[in-house]
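In what follows, a single structure is set out as structure tokens and then discussed.
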Amino acid sequence: MVRIREPHEWPSTVDEAQAVQERLRPSVRFAEPPEVRSAAGLDVAYRGSDELVAAVAVLDVASLSVVDSVVVRGVAEFPYVPGLFAFREAPPLLTALERLSVEPDVLVCDGQGLAHPRRFGLACHLGVLTDLPSIGVGKTALGSYDPPGEQRGEWTPLRLDDEVVGRALRTQRGVKPVFVSVGHRFTLDTACDLVLRLAPRYRLPETTRAADHLSRTAPTRP
DNA sequence: GCGACAG
DNA sequence: ATCTTGTCGC
């Protein structure tokens, strides 16, 4: 039920890929998202050198229960190059989004949004192409930060090139923070509020955990 | 030349 | 991401 709204192509070289990011970047919007009742978690698991499994799980934010999910198997069409992560994972994730039977209110991506060398990480890419509000929640930082306070909810700015591109957010006390950045049609404050609502018990949002579990446990092709 | 480098 | 044992904690 998710539609692709933006014309796009999948390049095969690093130069072309960077050009695509530069072209799409101006479409990123910085705003307050409409009410967030459902959130889609997206993740990709790898098997072997080029086989991958993309999964999307839509959760009801109030109950954190899974209301819909799709798993797509595929082959990596682009090598892993830091900064060009989206060209590897976005294609199968978009296919999965199109096969959803409901349209999620927001996308919670496993990776960065604006916290990216050209300010156009996976979350921005998926947000712009679908025109859905999106955020990036990374497990490792792209940029520098000071450790946030130990209490859940505490955060510090994440900087890249002397610019604030996101936040290091503590979702649980005693665990490493996650790195939140805006993808599309979001505000950093609202993005962090949402991540905290989605992560009441564990370090990572339940959306990411659900998608990760699906991609990891999907049966191997016969 | 050396280290960094989302997943 | 993935390759991998035991171990501490809830």
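If you're wondering where the values come from, they're calculated on a predicted model, not measured in any experiment. To find a chain, count down the sequence lines: A is the first, B the second, and so on, and within it residues start at 1.
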Nucleotides 1-5 of chain B: which of its N/O atoms have a protein N/O under 3.5 Å away?
none

Let me check something: any side-chain donor-acceptor pairs from residues 27-36 of chain A under 3.5 Å, sequence neighbours excluded? List them with distances.
from, atom 1, to, atom 2, distance (Å)
A:Arg29, NH1, A:Pro26, O, 3.0
A:Arg29, NH1, A:Ser27, O, 3.2
A:Glu32, OE1, A:Thr187, OG1, 3.4
A:Glu32, OE2, A:Thr190, OG1, 2.1

Stretch residues 170-190 of chain A: residues that reach within less than 4.0 Å of DNA chain B through a heavy atom: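 When residues 170-190 of chain A is checked for heavy atoms under 4.0 Å from DNA chain B, there are no hits whatsoever.
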Residues touching DNA chain B, which here means a heavy atom under 4.0 Å, drawn from residues 112-129 of chain A: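 Only A:Gln112, A:His116, A:Gly121, A:Leu122 qualify.
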Salt bridge flag under 4.0 Å for residues A:Arg173 and A:Glu154: no
All side chain to side chain contact (heavy atoms under 4.5 Å, CB included) counterparts of A:Thr95, not counting sequence neighbours: A:Val72, A:Arg99
Residue list, side chain to side chain contact (heavy atoms under 4.5 Å, CB included) with A:Arg216, at least two apart or on another chain: A:Asp212
Bracket string, DNA chain C, 5' to 3' - pairs by Watson-Crick or G-U geometry under 3.5 Å, | interstrand: ..........
With sequence neighbours excluded, give me every salt bridge (Lys or Arg N to Asp or Glu O under 4.0 Å) pair touching [range].
range	result
residues 54-68 of chain A	none
residues 192-202 of chain A	none
residues 181-192 of chain A	A:Asp131-A:Arg185, A:Arg167-A:Asp189

Sugar-phosphate only, base, or nothing, as touched by A:Leu158 at under 4.0 Å among non-hydrogen atoms: nothing
Listed once per pair and sorted, the ring-ring contact (aromatic ring centres under 6.0 Å, His included) pairs that draw on residues 86-130 of chain A, sequence neighbours left out: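 For residues 86-130 of chain A: A:Trp10-A:His125, A:Phe78-A:Phe87, A:Phe87-A:His125, A:Phe120-A:His125.
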Within the sub-3.5 Å range, which N or O atoms of nucleotides 6-9 of chain C have a protein N or O partner, and how far apart are they?
none

